[in-house]
Protein chains: 2
Amino acid sequence: MNAFKSRNTVDTSDGKTSVEAIQNEILRRICFLDYEPGIQLKEAELAVEFGVSRTPIRDAIGRIKHLGLVETRNGVGTVVVTLTPDQIRHVYEMRLQLAGLIGTMSPREATGKDLVRITDLLNAAIELELEFDARAYVELNDLLQDLIADLIGNTLLKSFWRQAYFQAASTWYRVASLAGSEVALSLVQELRELKEALERNDMVAVGLVQRIHIGYGYQRITRFLSCRNEET
Amino acid sequence: MNAFKSRNTVDTSDGKTSVEAIQNEILRRICFLDYEPGIQLKEAELAVEFGVSRTPIRDAIGRIKHLGLVETRNGVGTVVVTLTPDQIRHVYEMRLQLAGLIGTMSPREATGKDLVRITDLLNAAIELELEFDARAYVELNDLLQDLIADLIGNTLLKSFWRQAYFQAASTWYRVASLAGSEVALSLVQELRELKEALERNDMVAVGLVQRIHIGYGYQRITRFLSCRNEET
DNA sequence: CTCAACAAAGATGTATACAGCTGGATAAGA
DNA sequence: TCTTATCCAGCTGTATACATCTTTGTTGAG
């Protein structure tokens, strides 16, 4: 919670408007579990933290409502939603299908830049394998999602891919923390396969690799979440 | 533009909050071409019309930004975006794929209520065939989209289906106005096929019928839009 | 001791004033 | 006449005051 009190402003050097930056930051915090499900976001607090009034904060929150990750009730506050097992299943079923479409729907050509990016990610993942850190894993995965999204030519598919990722992220990252270094190993393998697919400029393969590993990810979720059900 | 000046308020009898109702109304006006692409939406005007201040209007507009149908620029206004041919193609490619998923991804069982709804729509479409009216056609089609969306069990697929519909709607409805009663005939056929599929409780068939007619729709768009390119 | 009514604190929802930005009209100079 | 600088009307962006709703703790009677 107060881990962010030190940050008075958000980086707006990218030319985006301030409210867009705030929106992305809040979304990141939800996906990365800085805001855990059930937590109450107070506009006044966020306003103080970002050094603006409540108005842009309300704007930012309002613009991520469509993802269904937060819910605002009058007089109460904005709470981060806990996804039901059914919802999680729906999200993953959808992601599997979307992954299958990556290669077939007007993909972009892979460039040298993409190869550099994937290689950097692979190296980082290999380092992570040696000394696992959940936060670093999460940020690595996030960069990978960005890379994949960039390869998608179809505007709408790209949008849907990102939306599905945002909805899956927090659950997936919770499981990743529990699973530990096992997921780093899996990520290294995924990145190796993606790198080869990109080298061959085979976007269908890229999609299929994603599909496979999304399936693995969902298996881990069901495994770890059924354990947690006993706890709760 | 001033066709709406008479409506001072929006119907909030459904228990939804006022801003949600405004949001839906603005979205409807964009999809139904009451607001044509290029038009400038002014918050102050809308505020007067709906009898509220600018704040809820801004909220409502902010919440439909993610659909990419409007674009707000500081000091200028919020303009309704003109979709490029590429974007339209992307939307329709996506709708084709989504239609194929309707039957396969946890569909809901068809109930008697659904049959009543589809029968009502069919009767209305048959009437429309006799005396075509673009506006009535548009509203009929909108009801059909609602019906189909209700049949989708997967939460995320339903959300994506609606988003894709909203993005396609304005273009499709422009073409429908140009095409005239031809589209009413096509709608009757579509509804007949859907009715039979629902009677058999065959959701895969429902999806395939949608897929077929979305394809027909896109063919019409390319046909009429290439004509319009010469005009412009 | 229990329960109900009430009051107060704190959250979001809304209205409004003002600041900042943009595009076009206007007028001065070459 | 053409160009350019300036000004201004009008829009969005932001801050702030106030209204309304919810929760919770308190206080009183039974």
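To find a chain, count down the sequence lines: A is the first, B the second, and so on, and within it residues start at 1. Side chains included, hydrogens not; waters and symmetry mates left out as well; all remaining heavy atoms used.
Judged as a salt bridge (charged side-chain N to carboxylate O under 4.0 Å, His left out), and not counting sequence neighbours, B/Asp120 has no contacts. Residues satisfying the salt bridge (charged side-chain N to carboxylate O under 4.0 Å, His left out) criterion with A/Arg135, sequence neighbours excluded, are A/Asp34, A/Glu139. Contacts of B/Thr111 classified as side chain to side chain donor-acceptor pair (under 3.5 Å), with partners at least two apart in sequence or in another chain: B/Asp114. Applying the salt bridge (charged side-chain N to carboxylate O under 4.0 Å, His left out) test to B/Arg162 and every residue at least two apart in sequence or in another chain returns B/Asp146. Considering only residues two or more places apart in sequence or on other chains, A/Glu36 meets the salt bridge (charged side-chain N to carboxylate O under 4.0 Å, His left out) condition with none of them.
Dashed line: the shortest gap from a side-chain N or O of B/Arg58 to OP1 or OP2 of D/dG13 is under 4.0 Å.
Look at CG on B/Asp59: it is 11 Å from C1' on C/dT12, rounded to the nearest Å. A straight line from NZ of B/Lys65 to C1' of D/dG13 spans 11 Å, rounded to a whole angstrom. Residue B/Leu46 contributes atom CG, which lies 13 Å from atom C1' of D/dT12 at whole-angstrom precision. One interatomic measurement links the two molecules: CD1 of B/Ile39 to C1' of D/dC11, which rounds to 16 Å at whole-angstrom precision. Here the P atom of nucleotide D/dC11 and the CD1 atom of B/Ile57 are 14 Å apart, to the nearest Å. Protein atom CD1 of A/Ile22 is 8 Å distant from nucleotide atom P of D/dT14, rounded to whole Å.
None of B/Arg58, B/Arg63, B/Lys65 except one satisfies the side chain to side chain contact (heavy atoms under 4.5 Å, CB included) rule with A/Asp59; the exception is B/Arg58.
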Margin query: I need a per-nucleotide contact map over nucleotides 4-11 of chain C, read 5' to 3'. Cutoff is protein heavy atoms under 4.0 Å; write B for the base, S for backbone only, - otherwise.
Written below: ------BB
Side chains of residues 76-91 of chain A: which donor-acceptor partners sit under 3.5 Å, not counting sequence neighbours?
| residue | atom | partner | partner atom | Å |
| --- | --- | --- | --- | --- |
| A/Thr78 | OG1 | A/Thr72 | OG1 | 2.8 |
| A/Thr84 | OG1 | A/Gln87 | N | 3.1 |
| A/Thr84 | OG1 | A/Gln87 | OE1 | 3.4 |
| A/Asp86 | OD1 | A/Arg89 | NH2 | 2.9 |
| A/Gln87 | OE1 | A/Thr84 | N | 2.9 |
| A/Arg89 | NH1 | A/Glu93 | OE2 | 3.3 |
| A/His90 | ND1 | B/Thr155 | N | 3.2 |
| A/His90 | ND1 | B/Thr155 | OG1 | 2.9 |

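Sorted by first and then second residue, the pairs that involve residues 142-169 of chain B and meet ring-ring contact (aromatic ring centres under 6.0 Å, His included), not counting sequence neighbours, are A/Phe160-B/Phe160.
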Sub-3.5 Å pairs of nitrogen or oxygen atoms, protein against nucleotides 15-18 of chain D:
| residue | atom | partner | partner atom | Å |
| --- | --- | --- | --- | --- |
| D/dA15 | OP2 | A/Ser53 | N | 2.6 |
| D/dA15 | OP2 | A/Ser53 | OG | 2.8 |
| D/dA15 | N7 | A/Thr55 | OG1 | 2.8 |
| D/dT16 | O4 | A/Thr55 | OG1 | 3.4 |

